[in-house]
Amino acid sequence: MNLAKAYEPNQYEPNIYALWEQSGAFRPSGKGEPFSVVMPPPNANGNLHIGHALDMNLKDITVRYKRMNGFDTVFIPGADHAGFETWVVYEKELNKKGQSRFDFSREQLYSQVWDFVEKARGNMELQLRALGTSASWEDLVFTLDEKVITTVYGTFKKLWDDGLIYRGERIVNYSTKYQTSYSDIEVDHKLEKGTLWHIAYPLIDKIGEIVIATTRPETLFGDVAVAVHPEDERYKDFIGSHVVLPISGREIPVIADEYVDRDFGTGAVKITPAHDPNDFEVGKRHNLDRLQVIDFDGTMINTPDQFIGLDVAEARKKVLASLKAEEYLRKEEDYEHTVGYDYKSGLPIQPLIKEQWFLKIEPLAKRALKAINNGELSFYPPSKQHVLRQYLENVHDWNLSRQIPWGIPIPAFQNEADPDDWIFDERVDEKTLKIDGKTYHREEDTFDTWFSSGQWPFIVTDYLDGGELARFYPTSLMETGTDLVDRWIARMIMLGLYATDKVPFKDVYLHGMVLDENSQKMSKSKGNVINPMDSVAEYGSDALRLGLIASRSPGQHQAFSTDRIIAGRNFCNKLWNIARFAEHKLGDNYQPKTPQPQSLADHWIIGELDNAKQAIDRAIDKYRFAEAGDSMYHAIWDGVADWYIEAAKDQDNLDLLAWVLNTSLKLAHPFAPFVTETIWQTLPWNDGLLINESWPEVINYDEIAAGEFGRVQQLVAEARFVAISLPGNEKYSLLYQQDSLIEDNKDLIQRLAKLKSIEAVDQARGLRLAVSGREAWLDVSADTLDEHKTNLEQRLVETHADIKALEGRLSNENYVAKAPEKLVNESREQLKEKQALVERLEQELAVL
RNA sequence: GGGCGCUUAGCUCAGCUGGCUAGAGCAUCUCGUUUACACCGAGAGGGUCGGGGGUUCGAAUCCCUCAGCGCCCACCA
């Protein structure tokens, strides 16, 4: 088999993936301890972004590693209908055609969006394949699959029966653009410079006026009271009297409520229950009307004629103009405050009153907190546990309803004759139900996507039904972005515990965001988005994987680095060329036998690979992907390529060479699956697939022999260093006296140190390689020798300094007494070595 | 208003529960066309680990403090 000179990923990757997939390698083996990872379902109609690539890579490394380690492994893929996200995209399409959602029935819209998503869905799955994701495709779950809906309804019913579901008029975060409510976490709060307007409300039954302060003058038409603090001396006498609303002329009472902060603004506040959450609460306490003056489409209603139909911003301008004209405006001051924005459209969120379905979250949150406090989950990084705990301690009831047709319908029906009579019923395809002579109308709202996503781990494993994958629940690892701690992780824990009595996963790994090369957040509007598929096309899937995980720690945002991707590509090429060398050396007819170490290099490389394996094991165990990758990278590049391949050129231990190659491929496989499998497939002596191989077993080796090879390396390094620091580019001969290490490794040393020759001599001459500790000399002329003198002197000075430091440490009684014995002994050893070195250097200098 | 994180070589970042001359990739400089690889090899330079204080035999690592940067959460008009 002849391999091309350089690895061309695109020639092999698709075929290799198909080979894996067709072989059934991604399916759980049914043998061994279960290990499961659930894919955070990517948006079915979208493209993967670079964050997905990182996400999938980290999971896939773990999954491949566990698979090779004999676990019964499953990586369950998903696709998300992404209710709101998809809806936004789809509605844009509708708008392009001059249509709107209101032109269609729910059923029509739903089926249209379904088709829309169906078309786009394959794309996302192809991209996941290009990333090398070893997911069990047969087990893929779409978030609108029957089993998802069944489970979600089951959970909703249970919550309903437990009295945790209620319907209520609340102030909700309303997107007037998309005409749906949001949950709290879908609202972006931005601090901005605004104005606090002081407006006079004249008293009716007394002389004078009360000046209120507001940031939203346009809502004054919805005012139903002015509130002051009950103990505020300035206003005490006015409580119970009335003021007249400017412009509208309506009369409203002055009330007292502790909620008012006497020190803020004027100490008097207008109460608008329909458009402010605090006012809503005040209104409830004082039994006030709720007067809606902003409609769900964001325009003014129930105002004097000249304002009706204006949008909020225009209305504000006109109201202020009127107030000014009629001399009600007392003061304008700059004021910095937070304003809620629609995270999708960037438009302000309107707090509006709407009937919604709510979930009483407290009991669920308490249970989740208990599980966290009991240490039932481990977090990577641990600090995120604190973030989650804080969220759970302050969480508000969850608004489950969304006013978008694309989603899981809320299975509830309302009695026509009694609006407060709601029943649970799963027949959501019926518009009306007749039960016991009563007529019920279907709820038109759908569930918040996160309500179903929050149940993902036990849905996809069919845990409640005891399905085939039920043994994989609770899942082993939940790996996702730090931005999803609240909206997803928290909810999975709460709903998982509620529905299954178990935490849904044991380990939570959170990765940070992948920023652009300038450490800026990637966004479409900035135009700095990096498409992972472009990277795959240019550098290969493995290169992207290696580059993405390199030097990346959990929970930490980090810039994307093309340099690292290139380094990854180069590594793949390095592996490729190691294989080329091995195949050339072994030939097509090589038949493997049990590998036995013979040379020093053989022993040494076994030890190196063993160390690397252990380092990878330790790192993966703690999800330190970057460290694991680094250990693998250096063992193969520095150990195998730079030293062992060189040594192998002078020897013919073919069985061990084949073993080194196979072991390298295994160790690298989780980090670079495509290239390793590609190579594996070209090796005539290997059967089957690398993906199914077990994690390498290291063979026995002699540590002393391995250490001897270390000395050869030291000698080579010394000879290289000395030779390069000498004037000219001459090649020198190495002379030595009775040194079997040199004698036995002559060829290797000569080639690696670029020596003219190596000769045994009786009488030494030339430049002694003092540092290496061997009786060896470079055969240089007297002139050259002289040039080298300062170099030696410099070393002597440095070595003396080292000795001084070591002596200082060892003469410290506390150090000797308190530091671990091993450490103290090491220091003593070092001191001896350094002292010996000084002797050699001095001898050498004396000769010069 | 709370909380979290960051500040280590020119750049981007590792450095776990404190312990050898603080590492990597890229960049820079020198040398090298050795029959696996120039997507290469051999070497070199480069860091008072943000400032200050403390604990300790020993701190980049733990504690306090100051400074700068970033993020998340939060219904004060």
Side-chain angles (χ1 to χ4, degrees), chain A residues 3 5-7 171 173 184-185 189 196 212-216 227 259-261 264-266 268-272 276-281 335 337-338 340 351 381 383-384 386-387 390-391 394 396 482-483 485-486 512-513 517 519 521 539 543 547 550-553 555-564 566-585 618-619 622 624 626-627 630 633-634 641-642 645-646 649 716-717 720-721 723-725 729 751-754 798 801-802 805-806 809 812-820 822-823 826-827 829-830:
Chain A
L3 296 180
K5 203 166 178 185
Y7 173 57
I171 293 270
N173 308 303
D184 290 345
I185 48 188
H189 293 276
L196 192 62
I212 58 90
T214 182
T215 54
R216 304 199 56 194
Y259 147 73
V260 180
D261 177 353
F264 186 87
T266 61
V269 56
K270 66 198 265 309
I271 300 298
T272 323
D276 182 279
N278 289 308
D279 294 5
F280 181 83
E281 294 301 320
Y335 177 59
H337 63 134
T338 53
S383 61
K384 293 298 168 195
H386 193 255
V387 175
Q390 201 187 319
Y391 172 76
N394 300 304
H396 295 110
T482 49
D483 50 327
V485 170
D486 303 345
M513 225 183 289
E517 299 227 41
S519 294
K521 202 168 165 173
Y539 303 107
S551 274
R552 194 177 288 275
S553 46
Q556 215 57 48
H557 298 173
Q558 201 195 313
F560 178 86
S561 161
T562 304
D563 281 347
R564 289 192 194 279
I566 290 173
R569 178 202 59 182
N570 294 352
F571 177 78
C572 293
N573 192 241
K574 188 51 108 169
L575 262 179
W576 185 255
N577 277 290
I578 290 171
R580 285 182 69 215
F581 171 81
E583 294 189 45
H584 170 76
K585 182 105 181 163
R618 280 193 303 271
K622 291 179 182 162
R624 295 166 177 272
E627 265 179 58
D630 200 53
Y633 177 99
H634 287 288
D642 288 350
I645 294 292
E646 292 306 323
K649 287 175 181 172
V716 168
R720 279 169 173 171
F721 176 80
I724 213 166
S725 62
N729 295 323
R751 190 157 42 75
L752 293 186
K754 289 174 197 153
E798 283 166 12
D802 291 343
L806 284 166
R809 192 184 300 167
N812 181 338
E813 283 175 29
N814 279 321
Y815 173 72
V816 179
K818 292 184 187 173
K822 193 181 152 209
L823 218 60
E826 267 175 36
S827 299
E829 279 304 308
Q830 280 170 11

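The sequence lines fix the lettering, A, B, ..., with proteins before strands; numbering per chain opens at 1.
Of all nucleotides listed (B/A77, B/A36, B/A42), B/A42 comes nearest to the side chain of A/Asp642. Considering only the side chain of A/His634, B/G25 comes nearest among B/A38, B/G19, B/G25. With B/A44, B/C39, B/G5 as the choices, the nucleotide that has an atom nearest any side-chain atom of A/Phe721 turns out to be B/A44. Taking the side chain of A/Ala641 as heavy atoms from C-beta on, and the options B/A36, B/C39, B/A77, the nearest nucleotide is B/A36. Comparing B/A77, B/G25, B/C4 against the side chain of A/Tyr633 picks out B/G25 as the nearest. Which of B/A77, B/A42, B/C40 sits closest to the side chain of A/Tyr259 comes down to B/A77. For A/Asn577, taking side-chain heavy atoms from C-beta onward, the closest of the listed nucleotides B/C13, B/A36, B/A77 is B/A36. Closest approach to the A/Gln390 side chain among B/C13, B/C40, B/G3 is made by B/G3 (side chain taken as heavy atoms from C-beta onward).
The base-pairing partner of B/A27, taking Watson-Crick or G-U wobble contacts with both distances under 3.5 Å, does not exist among the strands shown. Base pairing analysis places B/A36 opposite nothing; no Watson-Crick or G-U wobble pair with both distances below 3.5 Å involves it. Pairing of B/G1, defined by two Watson-Crick or G-U wobble distances under 3.5 Å, is identified with B/C73. Judged by Watson-Crick or G-U wobble contacts below 3.5 Å, the nucleotide B/C20 has no partner. B/G58 makes up no base pair with any nucleotide shown, lacking Watson-Crick or G-U wobble contacts both under 3.5 Å. The pairing partner recorded for B/G68 is B/C6, the criterion being a Watson-Crick or G-U wobble arrangement whose two distances lie under 3.5 angstrom. Across all strands shown, B/G45 forms no Watson-Crick or G-U wobble pair with both distances under 3.5 Å.
Looking at heavy-atom distances under 4.0 Å, A/Ala213 makes contact with a base. Among the heavy atoms of the strands lying under 4.0 Å from A/Lys754 is at least one base atom, whether or not backbone atoms are also near. Using a 4.0 Å heavy-atom distance criterion, A/Pro351 is classed as making no nucleic acid contact. Within the nucleic acid shown, A/Phe280 has no heavy atom closer than 4.0 Å to any nucleic acid atom. Among the protein residues, A/Glu646 comes within range of the nucleic acid bases, having at least one heavy atom under 4.0 Å from a base atom. Contacts of A/Ala753 with the nucleic acid, taken as non-hydrogen atoms under 4.0 Å apart, are absent. Nucleic acid contact class of A/Arg618 (heavy atoms, under 4.0 Å, all strands): none. As judged by a 4.0 angstrom heavy-atom cut-off over every strand, A/Val816 is placed among residues making no nucleic acid contact. Contacts of A/Tyr335 with the nucleic acid, taken as non-hydrogen atoms under 4.0 Å apart, involve only primed sugar atoms and P, OP1 or OP2. A/Gln830 comes within contact range of at least one nucleobase, with a heavy-atom separation under 4.0 Å. Nucleic acid contact class of A/Asp261 (heavy atoms, under 4.0 Å, all strands): base. Looking at heavy-atom distances under 4.0 Å, A/Ser561 makes no contact with the nucleic acid at all. Using a 4.0 Å heavy-atom cutoff across all strands shown, A/Ala626 reaches no nucleic acid atom at all. Within the 4.0 angstrom heavy-atom criterion, base atoms lie near A/His396.
Residue A/Asn814 places none of its side-chain N or O atoms closer than 4.0 Å to OP1 or OP2 of B/U56. An OP1 or OP2 oxygen of B/A36 is reached within less than 4.0 angstrom by a side-chain nitrogen or oxygen of A/Lys649. Between A/Tyr7 and the phosphate of B/A36, there is no side-chain N or O to OP1/OP2 separation shorter than 4.0 Å. Remark: A/Arg751 is not in phosphate contact with B/G41, judged by side-chain N or O atoms under 4.0 Å from OP1 or OP2. The shortest distance between the side-chain N/O atoms of A/Ser551 and the OP1/OP2 oxygens of B/A24 is not below 4.0 Å.
Look at the C1' atom in both B/C6 and B/C13: the space between them is 12 Å, to the nearest Å. On the C1' atoms, B/A27 is 13 Å away from B/G45, given to the nearest whole Å. Nucleotides B/C16 and B/A60 place their C1' atoms 14 Å apart, quoted to the nearest Å. Between the P atoms of B/G47 and B/A9, the separation comes to 10 Å (whole Å). Atom name C1', nucleotides B/C64 and B/U55: the rounded distance is 10 Å, in whole Å. Rounded to whole Å, the P atom of B/C49 lies 15 Å from the corresponding atom of B/U21. With both ends at atom P, the span from B/U12 to B/A74 equals 32 Å, rounded to whole Å. Here, B/G41 and B/G25 have their P atoms 11 Å apart, quoted to the whole Å.
In this structure, CZ of A/Phe571 is placed 17 Å from C1' of B/C26, rounded to the nearest angstrom. The CZ-P distance, from A/Arg564 to B/C11, rounds to 14 Å in whole Å. When rounded to the nearest whole Å, the span between CE of A/Met513 and C1' of B/C4 equals 14 Å. Atom P of nucleotide B/A14 and atom CZ of A/Arg624 are separated by 12 Å, given to the nearest angstrom.
When atom types are taken as modelled, the side chain of A/Ser561 and the backbone of A/Arg564 share a donor-acceptor pair closer than 3.5 angstrom. Using a distance-only test at 3.5 Å, with no hydrogens or angles considered, a donor-acceptor pair links the side chain of A/Asn577 to the main chain of A/Asn573.
The shortest distance between side-chain heavy atoms of A/Pro351 and A/Phe280 does not fall below 4.5 Å. The side-chain heavy atoms of A/His557 and A/Thr482, taken from C-beta on, include a pair separated by under 4.5 Å. Side-chain contact between A/Cys572 and A/Arg569 is absent, with no heavy-atom pair separated by less than 4.5 Å.
At a threshold of 4.0 Å, the pair A/Glu583-A/Arg580 does not count as salt-bridged, since none of the basic side-chain nitrogens sits closer than that to a carboxylate oxygen.
Applying the 3.5 Å distance criterion, the base of B/C20 shares no donor-acceptor pair with the side chain of A/Glu826. One donor-acceptor pair, N or O on each side, does fall under 3.5 Å between the base of B/C37 and the side chain of A/Lys574. Under 3.5 Å, the side chain of A/Asp563 and the base of B/C26 form no donor-acceptor pair of N or O atoms.
Side-chain contact check for A/Asn812 and A/Arg809: no donor-acceptor pair (N or O, by modelled atom type) lies under 3.5 Å.
The shortest non-hydrogen separation linking A/Lys270 to A/Arg216 is NZ-O, 3.9 Å.
Between atom CZ of residue A/Arg624 and atom CG of residue A/Asp630 there is a gap of 12.5 Å, rounded to the nearest 0.5 Å.
Comparing A/Thr266 and A/Val387 along RNA chain B, the residue whose closest nucleotide (by nearest heavy atom) sits nearer the 5' end is A/Val387. Positionally, the nearest nucleotide of RNA chain B for A/His584 lies more toward the 5' end than for the other of A/Pro277 and A/His584.
Using bins of under 30°, 30° to 60° and over 60° for the plane-to-plane angle, the ring pair A/Phe264/A/Tyr335 lands in the perpendicular bin.
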